[in-house]
Number of protein chains: 2
Amino acid sequence: MSRRTVQQAAILDVLESAEGPLSAQEVHDRARELHPTIGLATVYRNLARLEGDGAVVAVHLPQDATRYEPAGRGHHHHFRCVKCDTVYELDAGCPVAMLEGATLPGGLTVMGHELVFFGHCAGCNGAAA
Amino acid sequence: MSRRTVQQAAILDVLESAEGPLSAQEVHDRARELHPTIGLATVYRNLARLEGDGAVVAVHLPQDATRYEPAGRGHHHHFRCVKCDTVYELDAGCPVAMLEGATLPGGLTVMGHELVFFGHCAGCNGAAA
DNA sequence: CATTTCGTGAGAACCGATTATCACTCGTGG
DNA sequence: CCACGAGTGATAATCGGTTCTCACGAAATG
């Protein structure tokens, strides 16, 4: 049976309080502030376990490492700042949801979709290029 | 100055006649049928050059190597078959285009977006799982 | 035709992300 | 409180994708 460890709690805490899905590296960086000796391998192991337990879900965005966010947040999409590479979770309703289950011309049956916005976040909007 | 080579022509030909954007590996496989001795390094080199010349554009999809398609096809999106991993170009109008240039709540300024559909293609629809 | 230089092809090298290894530590059942 | 096995941390190994290296072949120039 799996044990509860402070490392796992720290990782979940970091994910819960993040602005969006985080990469293993980002989780590691932030978790170090709660638990300075935590190792990167431990982060990967716990993310895999938490995903297996259904507590977190993996998020795959283009040109980016695998990110993780807490499960149970419903259908939503993401925004990546092209300057600082921060990824934000978007709350707005999905403009593409009506296409779920549809069959497009050419016989393509839609089972899911991924929508990502790119741009500048508030912090990077005014800053110099 | 850059020379015109049969390899470069073969690569462009392959991209022009593809069903969607191709990875370097896929370009290599298909180009071998036109020019059996072409090497993978040559494919990478020419894709980089063609992209620099503006003749092809790179397409980045989640969980996937960089793909390339001919430039000048206008705004469109893609569909990846989760079974055979083939990526198709979609002609349909974009349901998200109106968000270009918008500023979302939170101060996120949208400069672009990427929309990818996942599902089964016609060939994989009826086939066994 | 000779030259010069760029492009090619094969394989080695590299890269960032992720996983495996292994000795050590700590949480937990007894 | 103790023993033991799961979890940890540091590092090496691995992986797919991509780039580099280098000797050879082929296109433009005189």
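Order of the sequence lines sets the chain letters (A, B, ...), proteins ahead of strands, with each chain counted from 1.
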Chemist: Find the distance A:Arg32:CZ to D:dT8:P and express it as a whole number of Å.
Modeler: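 Going from CZ in A:Arg32 over to P in D:dT8 covers 14 Å.
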Chemist: State which of C:dT18, C:dG11, C:dG7 makes the closest approach to the side chain of B:Arg3.
Modeler: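 When the side chain of B:Arg3 is considered, C:dG7 is the closest of C:dT18, C:dG11, C:dG7.
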Chemist: Between A:Glu69 and A:Val56, is a side chain to side chain contact (heavy atoms under 4.5 Å, CB included) present by the stated rule, with each step listed?
Modeler: CA-CA 6 Å; A:Glu69 64 187 9; A:Val56 308; over 6 Å; no
Chemist: Would you mind telling me which of A:Arg30, A:Glu26, A:Arg32 makes a side chain to side chain donor-acceptor pair (under 3.5 Å) with A:His28?
Modeler: A:Arg32
Chemist: Can you find a side chain N or O atom of B:Thr66 that sits less than 4.0 Å from OP1 or OP2 on D:dT18?
Modeler: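 B:Thr66 to D:dT18 OP1/OP2: side-chain N or O found under 4.0 Å.
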Chemist: Tell me the interatomic distance from B:Glu51, atom CD, to D:dT19, atom C1', rounded to whole angstroms.
Modeler: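 In whole Å, D:dT19 C1' and B:Glu51 CD are 15 Å from each other.
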Chemist: Would you say D:dT8 has OP1 or OP2 under 4.0 Å from some side-chain N or O of A:Thr5?
Modeler: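 True: A:Thr5 side-chain N/O within range (under 4.0 Å) of D:dT8 OP1/OP2.
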Chemist: Hey, is the side chain of B:His35 poking within less than 4.0 Å of OP1 or OP2 on C:dG9, counting only N and O atoms?
Modeler: yes
Chemist: Is the shortest distance from a Lys or Arg side-chain nitrogen in B:Arg67 or B:Glu89 to a carboxylate oxygen in the other one below 4.0 Å?
Modeler: no
Chemist: Give the rounded distance in Å between these two atoms: CG of B:Asp64 and C1' of D:dC15.
Modeler: 16 Å
Chemist: Nearest-nucleotide wise, let me know which of B:Arg45 and B:Ala65 is further upstream toward the 5' end of DNA chain D.
Modeler: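 Result: B:Ala65.
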Chemist: Hey, is the side chain of A:Arg49 poking within less than 4.0 Å of OP1 or OP2 on D:dA6, counting only N and O atoms?
Modeler: no
Chemist: Verify, without hydrogens or angle tests, whether B:His76 (side chain) and B:Leu90 (backbone) share a donor-acceptor contact under 3.5 angstrom.
Modeler: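 It does not hold such a pair.
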Chemist: When you measure from the side chain of B:Ile38, which nucleotide among D:dG7, C:dG7, C:dG9 comes out closest?
Modeler: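 For B:Ile38, the side-chain atoms sit closest to C:dG9.
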Chemist: Under 4.0 Å: is that the gap between some side-chain N or O of A:Arg4 and OP1 or OP2 of C:dT28?
Modeler: yes
Chemist: Run the ring-centre check on B:His113 versus B:His75 and record whether the distance is less than 6.0 Å.
Modeler: yes
Chemist: D:dG17 phosphate, OP1 or OP2: any side-chain N/O from B:His60 under 4.0 angstrom?
Modeler: no
Chemist: For D:dG9 and A:Gln7 - does any side-chain N or O of the residue sit under 4.0 Å from the phosphate oxygens OP1/OP2?
Modeler: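 Answer yes for this pair, as a side-chain N or O of A:Gln7 is under 4.0 Å from OP1 or OP2.
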Chemist: Below 4.0 angstrom from OP1 or OP2 of C:dT19, is there any side-chain N or O of A:Tyr44?
Modeler: no
